[in-house]
Amino acid sequence: MKFEEFRIEPEILRSLETLGFKRPTDIQYKAIRPILEGEDVLGIAQTGTGKTAAFAIPVINNLHRRKRSKKALGIRCVVMVPTHELAIQLNGVFKEIGKHTKVQIAAIYGGVEQETQITRLEKGLDILIATPGRLFDLVSQGHLQLRQVEILILDEADHMLDLGFYKDIEDLQKFLPAKRQTLFFSATIDEKIKKLAYSLVSKPIRIQISPKNPVAKNIDHAVIFVNMDDKRFFLERMINENEGQKFLVFVRTKVRAERVAKAMERVNIETRTIHSDKDQNDRAKVMRQFRNGEALVLIATDVSARGIDIPDVDFVINYDLPEQPENYVHRVGRTGRGTRRGKAISFCSEEEKSLLEAVEDYITQTINRLEVTQTDHIETLELSAEKTSNDWKALMQEAERAKGKKKGK
């Protein structure tokens, strides 16, 4: 099937052709038609399946038609997302798809001054992409009116719940018309998500892609059992043996992200970090550098995982195994996107074995074990520039001590 068969407007088809969209993915094939027809949709699809375009294409198409036939005032569609990075990413996708239409699109999010965003709102918008905090700030200040909204989209709903936005999403309904189209998308689903979804949608079309296998098929998974203190040596070796390839490295905390970055710096490996302590300008700069290849190693926390949509990530490294098994799906989904194959390698210490078991139960498959022999282990440590540097320092110190002893005689 081709996109033309959905009776999509020529202006949007033109954009899709430019973007290289030839045929719809599974989620696009199943979601576009009901969204075009105004149905509520509950979509469960893993990351990297083309989920964003599955709702962006029909929503822009419908708003473009309405705007052409009558003068539309006020925000017609709100897209709520959990993170700054995801807001920026979706803003880019929506603008690319709507490039040849008159549909006005913008994103608002925290971490930056709100005055510029308020000015953009005052100029008029059709589609607003927002994080919950900034959305409610501007609503409470009277800068944002949502009574004209016809479509509400919640993307990465499971992650919004992880970040504690359940009540915010429930409260949002107070500001929206009761009669509206609601699209609810999530990579994972559990009872809490179901409860929230069915409180928002009305007789939805439920679409679930690969429910028995939450991770994409074109990712090769492996785990290495390694001591916690030796992880940095294995990361160093892996990066050095795959020169020129992109690595996305996930750690448990923002403090750990900076520590791993410093460890790599000591062995002359350039990295970037992204986490919640970074201000938005720094985060945007880091993402830009990673996207254009200026930076090849990015160290991230789970809070940032959902906003990282780089089409050519070669390796995802779980430097620390995730404490929430569903986060494994979101992490590894940053590689193997589209038709490309990707590699996801986890470092598992003795104290993390229970986390590995939880991940394997969640994805219903056993991750391939990569055996690390004692010879491999010794070789990895000996190859380390840090160890070599420390050996030289030790030799120099020994030489100085010997020199001092001679003087003392």
Side-chain angles (χ1 to χ4, degrees), residues 25 27 45-53 81-90 92-93 155-156 158-160 162-163 185-188 209-210 213-223 235 238-239 242 244-252 254 256-257 260-261 271-276 278 283-284 286-347 359 362-363 367:
T25 64
I27 186 67
Q46 65 216 37
T47 187
T49 57
K51 177 165 51 75
T52 301
V81 296
T83 65
H84 307 169
E85 284 75 29
L86 195 55
I88 294 166
Q89 175 193 313
L90 261 65
V93 173
D155 190 25
E156 301 282 10
D158 50 351
H159 192 35
M160 276 194 269
D162 288 342
L163 295 176
F185 283 85
S186 180
T188 57
I209 304 296
S210 301
N213 183 12
V215 289
K217 292 175 183 175
N218 52 344
I219 301 172
D220 299 319
H221 304 259
V223 60
L235 179 61
M238 201 166 286
I239 292 169
N242 295 276
Q245 299 199 53
K246 278 188 182 176
F247 282 77
L248 179 52
V249 182
F250 282 105
V251 293
R252 198 170 294 122
K254 51 199 175 189
R256 199 148 163 77
V260 175
T271 68
R272 301 288 189 277
T273 59
I274 186 165
H275 50 71
S276 58
K278 299 269 186 181
R283 287 160 75 165
V286 164
M287 287 303 301
R288 189 167 57 250
Q289 290 173 333
F290 191 52
R291 185 172 281 109
N292 65 23
E294 185 180 337
L296 293 175
V297 182
L298 178 60
I299 302 169
T301 57
D302 284 313
V303 171
S304 309
R306 306 293 182 96
I308 300 171
D309 185 18
I310 310 297
D312 53 354
V313 173
D314 301 288
F315 287 86
V316 165
I317 306 294
N318 290 304
Y319 192 90
D320 296 321
L321 279 164
E323 293 180 336
Q324 301 297 324
E326 59 267 27
N327 282 340
Y328 181 85
V329 175
H330 302 302
R331 289 177 175 193
V332 303
R334 303 301 113 192
T335 188
R337 298 177 78 83
T339 57
R340 285 177 64 100
R341 290 205 67 81
K343 295 183 180 67
I345 298 176
S346 300
F347 295 165
V359 165
Y362 185 80
I363 65 174
I367 298 172

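Position 1 is the first residue of the sequence, and the numbers go up from there.
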What is the minimum heavy-atom distance between [X] and [Y], and which atoms define it?
X      : Y      : answer
Phe347 : Leu321 : O-CG, 4.1 Å
Asn318 : Ser346 : ND2-OG, 3.0 Å
Ala257 : Thr273 : O-CG2, 3.7 Å
Lys278 : Arg283 : O-CD, 3.3 Å
Asp320 : Arg252 : OD2-N, 3.0 Å
Val359 : Pro322 : CG2-CG, 4.3 Å

Quiz item: Just wondering, do Asn242 and Asp314 contact through their side chains at under 4.5 Å, heavy atoms?
Solution: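 The answer is no; the side chains never approach within 4.5 Å.
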Say you draw a straight line from [atom1] of [X] to [atom2] of [Y]; how long is it, rounded to the nearest 0.5 Å?
X      : Y      : atom1 : atom2 : answer
Asn292 : Met287 : CG    : CE    : 10.5 Å
Leu248 : Phe290 : CG    : CZ    : 5.0 Å
Tyr319 : Arg331 : OH    : CZ    : 13.0 Å

Quiz prompt | Criterion salt bridge (charged side-chain N to carboxylate O under 4.0 Å, His left out) against Asp312, the qualifying member of Lys246, Arg291, Arg341 | solution =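 Testing each of Lys246, Arg291, Arg341 against Asp312, the sole residue satisfying salt bridge (charged side-chain N to carboxylate O under 4.0 Å, His left out) is Lys246.
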Quiz item: Between Thr335 and Val313, is there a donor-acceptor pair closer than 3.5 Å when you use the side chain of the first and the backbone of the second?
Solution: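 Confirmed, Thr335 side chain pairs with Val313 backbone.
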